[in-house]
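A quick write-up on the structure given underneath.
Computed from a predicted structure; not experimentally measured. To find a chain, count down the sequence lines: A is the first, B the second, and so on, and within it residues start at 1.
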Number of protein chains: 2
Amino acid sequence: MKEGPDIARIAALIGDPARANMLAALMSGKALTATELAAEANITPQTASAHLRKLSESKLLRPRKQGRHKYYEITDEHVADVVSGLMGLAEKAGHSRTRTGPSDGALRHARSCYNHLAGDMGVWLFEGMCSKGYLSRNGDDLMLTPTGWAFVEALGIDLTSVEKKASPLCRECLDWSVRRSHLSGNLGRAILARFETLGWAKRDISSRAVLFTEQGQSAFDQLFE
Amino acid sequence: MKEGPDIARIAALIGDPARANMLAALMSGKALTATELAAEANITPQTASAHLRKLSESKLLRPRKQGRHKYYEITDEHVADVVSGLMGLAEKAGHSRTRTGPSDGALRHARSCYNHLAGDMGVWLFEGMCSKGYLSRNGDDLMLTPTGWAFVEALGIDLTSVEKKASPLCRECLDWSVRRSHLSGNLGRAILARFETLGWAKRDISSRAVLFTEQGQSAFDQLFE
DNA sequence: TCCACACTTCGCTCTGGGCCGAAGCATTTG
DNA sequence: CAAATGCTTCGGCCCAGAGCGAAGTGTGGA
């Protein structure tokens with residue numbers, strides 16, 4: 001016994017309320033500065049600094065210095081997946097941070113999860129693309145079919161620039177509110193970004209909610225009807 | 001802010017060394033008694049009892065009373081997935097519990113992960129079945145193709161009994177040592193069980209290692225050559 | 001019936017680690 | 001060059017919670 005990796009270390013890292021709040025805030029996919037994260041966790045900058053150092057040392061966060069600011073972001077999709085998974089377990093166990101605040105409904109409808117679309121809208125997007133034959137599974141990962149390729153380009157996304165990034169084009173992500181998969185990976189991120197530039201949706205600043213405009217919502221609905 | 005599920009609670013739960021050791025031990029998929037788990041974590045039964053109560057209350061473990069024993073097992077695949085994910089992160093961060101003990105190599109070669117085969121052998125099984133066309137992805141989950149169906153039955157597994165269980169037949173699991181998917185779900189469990197009854201492999205008692213016999217190994221290799 | 005064993009509850013101790021105040025660097029701005 | 005701002009280091013306080021001993025409950029076997 002006592003072989004294998006030490007789960008306790010990283011789990012304890014995530015298990016501190018302050019650090020967990022920081023991670024949850026970063027799950028939007030945006031990079032945040034140390035002081036912003038301190039505010040998010042309701043602690044002083046000194047304390048936040050210590051936390052962020054630990055999170056970086058264990059490769060959960062990746063720091064980027066920019067002038068006198070220091071931006072932090074979630075290291076990669078593996079970290080995001082684990083945090084997502086933990087949210088799922090917490091939800092099922094009935095551990096919620098507040099008694100279901102007002103924006104909770106909005107979060108369940110649409111939110112950003114590591115820069116891609118999650119919540120009901122995310123699931124609809126994913127399942128719509130599957131049922132239309134835009135996505136297919138093949139071997140180890142999701143594939144964008146030729147018709148799917150055309151669909152995405154018709155949205156105005158330049159796939160050649162998206163495709164050459166290192167991380168995979170399509171992935172699935174299982175999020176907490178809907179126990180279903182939705183589209184993640186570079187394509188997932190590109191689509192959410194495209195929705196924003198098209199003016200279909202915009203992100204709420206203080207929460208992870210994604211707010212669709214009326215036109216945006218109906219345009220979205222037409223894609224899969 | 002402060003919306004959504006409270007990750008910190010469950011992460012802290014997993015983050016205690018004693019509880020983490022218990023969970024790691026249970027990741028083999030076997031159900032263990034309270035005293036066995038206490039020994040696994042190097043603590044007294046009293047302390048273990050308190051830990052196990054918390055883990056059960058948060059739905060991470062599922063207790064089953066049997067006579068004067070109380071068996072605990074991992075609640076479901078969602079929990080197993082998160083623990084697997086944490087192992088992956090810990091491995092990448094360089095957090096290992098010992099300085100790579102002797103059985104570490106065996107664990108990387110083949111081990112049980114929530115009752116299915118993981119490690120190199122697990123990946124070979126999964127990728128072999130994919131490349132032979134036994135498995136295909138379709139919509140939201142893995143499908144066993146007709147030829148795959150025949151392959152599994154030829155192994156001597158009664159698929160009709162496996163299929164009627166509630167949890168899905170095929171799933172993927174990403175484990176820590178090989179950053180690749182391997183076959184999970186009911187079929188994954190049935191196959192490992194079949195390997196054991198065929199005498200191809202047996203589980204090490206004190207670790208999660210799965211030891212293949214020489215004949216078992218070569219029989220396995222012939223399946224996919 | 002009595003003992004052995006598995007598990008639980010209670011009360012207590014003690015330490016690891018989160019938190020802040022104060023002070024120290026670094027970078028931008030005026 | 002100051003002054004302001006963002007981040008970090010140091011030192012000390014404090015408490016949640018993990019741990020155990022002792023004693024209680026329930027089940028199984030002789």
Summary of salt bridge (charged side-chain N to carboxylate O under 4.0 Å, His left out) pairs that have at least one residue in residues 111-126 of chain A, sequence neighbours excluded: A:R111-A:D175
Under 3.5 Å, is there a donor-acceptor pair linking the side chains of A:S49 and A:Q46? no
Ignoring hydrogens and geometry beyond distance, is a side-chain donor-acceptor pair present between A:H116 and A:R189 at under 3.5 Å? no
Among residues 60-68 of chain A, which residues get a heavy atom nearer than 4.0 Å to DNA chain D? A:R68
Please name the residue in the list B:F195, B:F212, B:F220 that meets the ring-ring contact (aromatic ring centres under 6.0 Å, His included) test with B:W200. B:F195
List the atom pairs, with distances to 0.1 Å, where a side-chain N or O of residues 52-61 of chain A and a protein N or O form a donor-acceptor pair under 3.5 Å, not counting sequence neighbours.
from  : atom 1 : to    : atom 2 : distance (Å)
A:R53 : NH1    : A:E57 : OE2    : 2.9
A:S56 : OG     : A:L52 : O      : 2.7
A:S58 : OG     : B:H95 : NE2    : 3.0

How is B:Y72 classified with respect to the nucleic acid when contacts are heavy atoms under 4.0 Å: base, sugar-phosphate, or nothing? sugar-phosphate
Nearest heavy atoms of [X] and [Y], plus distance in Å:
| X | Y | value |
| --- | --- | --- |
| B:R203 | B:S28 | NH1-O, 3.4 Å |
| A:R208 | A:C113 | NH2-CA, 3.7 Å |
| A:T75 | A:R62 | O-NH2, 3.0 Å |

Positive for side chain to side chain contact (heavy atoms under 4.5 Å, CB included) with B:L183, one of B:V123, B:I191, B:L117: B:I191
Out of the candidates A:L13, A:L37, A:D16, only one should pair with A:H51 under the side chain to side chain contact (heavy atoms under 4.5 Å, CB included) rule; please name it. A:D16
5' to 3' on DNA chain D, which nucleotides open and close the contacts with chain A (atom under 4.0 Å from a heavy atom)? D:dA4 to D:dT9
Among residues 43-53 of chain A, which contact DNA chain C at a heavy-atom distance under 4.0 Å? A:I43, A:T44, A:Q46, A:T47, A:H51
Contact boundaries on DNA chain C for chain A, cut-off under 4.0 Å to non-hydrogen atoms: C:dG18 to C:dT28
Should B:K92 and A:D76 count as an ion pair when the cut-off is N to O under 4.0 Å? yes
